[in-house]
> 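Have a look at the structure that comes next, please.
Since we're looking at a predicted model, the values are computed, not measured. Residue numbering restarts at 1 for every chain, and letters A, B, ... go by the order of the sequence lines.
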Amino acid sequence: MIPTRRTTPLSYAFYDRDPRKVARALLGKLLIRKLPGKILSGRIVETEAYLGEDDLAAHSAAGKTDRNSILFGPPGYAYVYFIYGNYYCLNVSCLPDGVAGGALFRAMEPVAGINEMAKARGIDLSVAGGAENVALLRRISSGPGRMCEALGVTRERDNGKSFVNTRSDLRIVDDGYRVSHVVVTARIGITKSADRPLRYVIRGNPFVSGARSAHSAQGVID
DNA sequence: GAGGAGATCGTCT
DNA sequence: GACGATCTCCTCT
C-alpha cells in the first residue's frame, strides 16, 4: 500500500478545532517521519481524543505544567511524554492557543520504510513470510509505545515539534484515502473518565491496538 | 487465544 | 513516595 496519489499536508486549521473532530478526521491520514535518505510512514488507524481541563483522563486536567504545556499551546504541535519507565506516546495539540486539548495516536498501518521500522522495534521480517505476515507487521506499530519506537519518536527529539511546518521532519498528510466506517469506543488504559466514547478506530482494520479489549468493547459505528 | 503480572522511571504531590 | 494515555513474557485453558 505505497502512496502513489498526490498528498496534501494538513493545515493549521485542521487541528484548530475540537479534539474529537481532529481524532476522527486523523483516521486514514499518513503519518510521516523524514530521516536522512529515507522516509518512514504509516496510515493512522486508531486515535483517542483528550479534551482538556474538564477531561479527568487528560494530562491537562490538573492544569498547565512544564510537562504538558504543549497541550495548552497553539494547535498542530507534537506533545510527547514518557510513560511506565519504558515508552513514549505521541499526541498532537488541538484547539486555539491557551485552550488545552489533544489527540493521541494509538496505532498505524505500516506503509513505507517498513524494514527500518521493524528493525527499530527489534522485529525480524526476514523470517518466512515476514513482509506479508500481518501478525508480525502488527507488532511494528499497533500501540502508542510501539508507534513511537518504530518512528524513533522521543520527548527529547520531538516534543513541541510542528506537524504543520513544511520543514518539520514529522508530518501528517492526506493522500486521498477515504475511511468508510469508524468505530467509536471507550478509551484504553485509563481509569478516570474511562467510559467516555473518545477512541476512534477504522472498522475491521487489523492494525488497531488492544485486540483483547477491543473484542469485548462495545463500539458504535459512526 | 486469553488473562495476569512485572518491568521501569519521569512527573506530580 | 505513588502513580501511570504500555508492552511483553509467562501461564493456563
> Measure the acute angle between the ring planes of A:Tyr79 and A:His59, then classify it against the limits of 30° and 60° as parallel, tilted or perpendicular.
perpendicular
> For A:Met147 and C:dT6, what is the distance between atoms CE and C1' respectively, to the nearest whole Å?
14 Å
> On DNA chain C, compare the nucleotides closest to A:Leu71 and A:Arg139; which residue's is nearer the 5' end?
A:Leu71
> Looking at every heavy atom in both A:Tyr88 and A:Cys148, which two are closest together, and how far apart are they?
O-SG, 3.3 Å
> Is there a path of hydrophobic side-chain contacts, each under 4.5 Å between heavy atoms of I, L, V, M, F, W or Y residues, that connects A:Tyr81 with A:Ile190?
yes
> Could you tell me the separation between the OH atom of A:Tyr200 and the P atom of C:dA5, rounded to a whole number of Å?
19 Å
> Might you confirm whether atom OH of A:Tyr77 has over 12 heavy atoms from other residues, nucleotides or ligands at distances under 6.0 Å?
no
> Taking all non-hydrogen atoms of both residues into account, name the closest pair between A:Asp55 and A:Ala49 and its distance.
OD2-O, 4.2 Å
> Is the cationic atom of A:Arg187 (NZ for Lys, CZ for Arg) positioned less than 6.0 Å from the six-membered ring centroid of A:Tyr50 and within 45 degrees of its normal?
yes
> Requiring both pairing distances under 3.5 angstrom, list the stems that contain DNA chain C and are made of three or more consecutive Watson-Crick or G-U pairs.
B:1-7 with C:6-12, B:9-12 with C:1-4
> Rounding to an integer number of Å, can you tell me how far A:Ile123 CD1 sits from C:dT8 C1'?
12 Å
> Does a side-chain N-to-carboxylate-O contact under 4.0 Å join A:Arg121 and A:Glu149?
yes
> Hey, is the side chain of A:Arg146 poking within less than 4.0 Å of OP1 or OP2 on C:dT8, counting only N and O atoms?
yes
> Can a side chain N or O of A:Arg106 be found less than 4.0 Å away from OP1 or OP2 on C:dT6?
yes
> A:Tyr81 has an atom OH; how far is it from atom P of C:dC3, in whole Å?
18 Å
> Can a salt bridge be assigned to the pair A:Lys161 and A:Asp158 using a cut-off of 4.0 Å between side-chain N and carboxylate O?
yes
> At under 4.0 Å between heavy atoms, how does the protein contact nucleotides 7-13 of chain B? Give one character per nucleotide, 5' to 3', with B, S or -.
BBBSSS-
> Under 4.0 Å, counting only non-hydrogen atoms across every strand here, what does A:Arg121 touch: a base, just sugar-phosphate, or nothing?
sugar-phosphate
> Starting at atom CG of A:Asn91, determine the distance to atom C1' of C:dT6, rounded to an integer number of angstrom.
14 Å
> Are A:Met147 and A:Tyr84 connected in the hydrophobic side-chain network, where two residues link if heavy atoms are under 4.5 Å apart?
no
